Trainee: 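Submitted below is the structure of interest, expressed as structure tokens.
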Amino acid sequence: MAYYNKDRAAENTAPEFIEKVVYLNRVSKTVKGGRVMKFSALVVVGDGKGTVGYGLGKAAEVSEAILKGIADAKKNMVKITLSGTTIPHEVIGIYGAGTVLMKPAAVGTGVIAGGAVRAVMEAVGITNIRTKCLRSNNPQNVVKATMQGLMSLRDVNEIARIRGKSPEEITG
């Protein structure tokens, strides 16, 4: 009979993810018998190496809502273009009324960001960045605006390929 180590098997099959609960909301619905309480959890999941996703889970209990949010976030993961420990260029992400300004920063600056944006930056693995929420501070719209901004990032090689030039011609 072969020895089976459950921890070792899980370690080899799935990479370790950073899971952060950004916002937990209790909602209630008034029915004939009274109020029915439920929870919604906004969760950000990343590998710390440039891949990140967000998800929204809703359930009758907090732990179930968080687990559903994590599962949804893992389904919606995207690869982000990074430049070392920061982003390649300044970008503004917009979703609904949520607008997030993101600027690259020098090594040692750290993550200068609010709660919702900070969770996304830590999950994706960005350690030096300056951000500012310009309009709405609704956590769902801020996370979606941050993700939209990060997904629109392009590096020099990608721009050169699109234009049919070499990276040296682009940087001048």
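Bear in mind that the values here come from a model prediction, so they are computed numbers and not experimental data.
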Trainee: Check whether more than 12 heavy atoms from other residues, nucleotides or ligands sit under 6.0 Å from atom NZ of Lys132, and answer yes or no.
Mentor: no
Trainee: List the atom of Lys68, the atom of Ala59, and the distance in Å for their closest heavy-atom pair.
Mentor: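 Smallest interatomic distance, heavy atoms only, reads NZ-CB, 4.2 Å.
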Trainee: Just verifying a value: how many Å separate Arg35 CZ and Lys29 NZ, rounded to the nearest 0.5 Å?
Mentor: 14.5 Å
Trainee: Within a strict 4.5 Å, meaning less than it, do heavy atoms of the Lys58 and Lys38 side chains meet?
Mentor: no
Trainee: Using links of under 4.5 Å between side-chain heavy atoms of ILVMFWY residues, direct or through other members, which residues join Leu101 in one cluster?
Mentor: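 Reading the cluster by chain and number, Leu101 sits alongside Ile92, Ile94, Leu134.
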Trainee: Taking side-chain hydrogen bond (donor to acceptor under 3.5 Å, both in side chains) as the definition, give me every residue that meets it alongside Asn141, ordered by chain and number, with sequence neighbours left out.
Mentor: none
Trainee: Does the Ser152 side chain pair with the main chain of Gly149, one donor and one acceptor, at a distance under 3.5 Å?
Mentor: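 Checking the backbone N and O of Gly149 against the side chain of Ser152, a donor-acceptor pair under 3.5 Å is found.
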Trainee: Under 4.5 Å between side-chain heavy atoms, hopping through other hydrophobics if needed: is there a path connecting Met121 to Val45?
Mentor: no
Trainee: Are any non-hydrogen side-chain atoms of Val117 and Cys133 less than 4.5 angstrom apart?
Mentor: yes
Trainee: For Asn128, check side-chain hydrogen bond (donor to acceptor under 3.5 Å, both in side chains) against everything at least two apart and list the hits.
Mentor: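 Residues passing side-chain hydrogen bond (donor to acceptor under 3.5 Å, both in side chains) with Asn128: Thr85.
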Trainee: Without placing hydrogens or testing angles, list every side-chain donor-acceptor pair under 3.5 Å for residues 157-167, not counting sequence neighbours.
Mentor:
{"unit_1": "Ser166", "atom_1": "OG", "unit_2": "Glu169", "atom_2": "N", "d": "3.4"}
{"unit_1": "Ser166", "atom_1": "OG", "unit_2": "Glu169", "atom_2": "OE1", "d": "3.4"}

Trainee: Membership question, hydrophobic clusters at under 4.5 Å side-chain separation (ILVMFWY): are Val43 and Val124 in the same one?
Mentor: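 No, because Val124 and Val43 fall into different hydrophobic clusters, even though each may have its own neighbours under 4.5 Å.
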Trainee: What distance do Tyr95 atom OH and Asn138 atom CG have between them, rounded to the nearest 0.5 Å?
Mentor: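 The OH atom of Tyr95 sits 10.5 Å away from the CG atom of Asn138.
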Trainee: So if I apply the side chain to side chain contact (heavy atoms under 4.5 Å, CB included) rule between Leu150 and each of Ile87, Leu82, Thr81, which one comes out positive?
Mentor: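 Per the side chain to side chain contact (heavy atoms under 4.5 Å, CB included) rule, the option paired with Leu150 is Ile87, out of Ile87, Leu82, Thr81.
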Trainee: Tell me if a side-chain donor or acceptor on Ser136 pairs with a main-chain N or O of Thr99 at a distance below 3.5 Å.
Mentor: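 Such a contact is absent between Ser136 side chain and Thr99 backbone.
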Trainee: Is Asn25 reaching over with its side chain to a backbone N or O of Ser40, donor-acceptor style, under 3.5 angstrom?
Mentor: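 No; zero donor-acceptor contacts below 3.5 Å.
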Trainee: According to a 4.5 Å side-chain heavy-atom criterion applied to Ile, Leu, Val, Met, Phe, Trp and Tyr, with indirect links allowed, do Val22 and Val120 form part of one hydrophobic cluster?
Mentor: yes
Trainee: Tell me whether the count of non-hydrogen atoms from other residues, nucleotides or ligands lying under 6.0 Å of CZ in Phe39 goes above 12.
Mentor: yes
Trainee: Might you point out which heavy atoms bring Met102 and Gly93 nearest each other, and give the distance in Å?
Mentor: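 Of all heavy-atom pairs spanning Met102 and Gly93, the closest is CE-N, 4.4 Å.
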Trainee: Considering residues at least two apart in sequence or located in another chain, which fulfil the salt bridge (charged side-chain N to carboxylate O under 4.0 Å, His left out) criterion with Arg118?
Mentor: Glu122
Trainee: I'd like to know whether Asp47 forms a side chain to side chain contact (heavy atoms under 4.5 Å, CB included) with Glu16, so could you lay out the CA-CA distance, the side-chain angles of the two residues, the decisive distance to 0.1 Å, and finally the verdict.
Mentor: CA-CA 7 Å; Asp47 65 354; Glu16 190 63 35; over 6 Å; no
Trainee: Find out if a path of hydrophobic residues (ILVMFWY) with successive side-chain heavy-atom gaps under 4.5 Å connects Leu56 to Phe17.
Mentor: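 Different clusters: Leu56 never reaches Phe17 through Ile, Leu, Val, Met, Phe, Trp or Tyr contacts under 4.5 Å.
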Trainee: Is the closest side-chain heavy-atom distance between Asn76 and Val78 below 4.5 Å?
Mentor: no
Trainee: Tell me every residue that passes salt bridge (charged side-chain N to carboxylate O under 4.0 Å, His left out) with Lys74, counting only those two or more places apart in sequence or in another chain.
Mentor: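 By the salt bridge (charged side-chain N to carboxylate O under 4.0 Å, His left out) rule, Lys74 matches Glu19.
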Trainee: Report the C-alpha separation of Thr109 and Thr86 in whole Å, then their side-chain angles, then the decisive distance to 0.1 Å, and conclude whether the side chain to side chain contact (heavy atoms under 4.5 Å, CB included) test is met.
Mentor: CA-CA 10 Å; Thr109 305; Thr86 188; over 6 Å; no
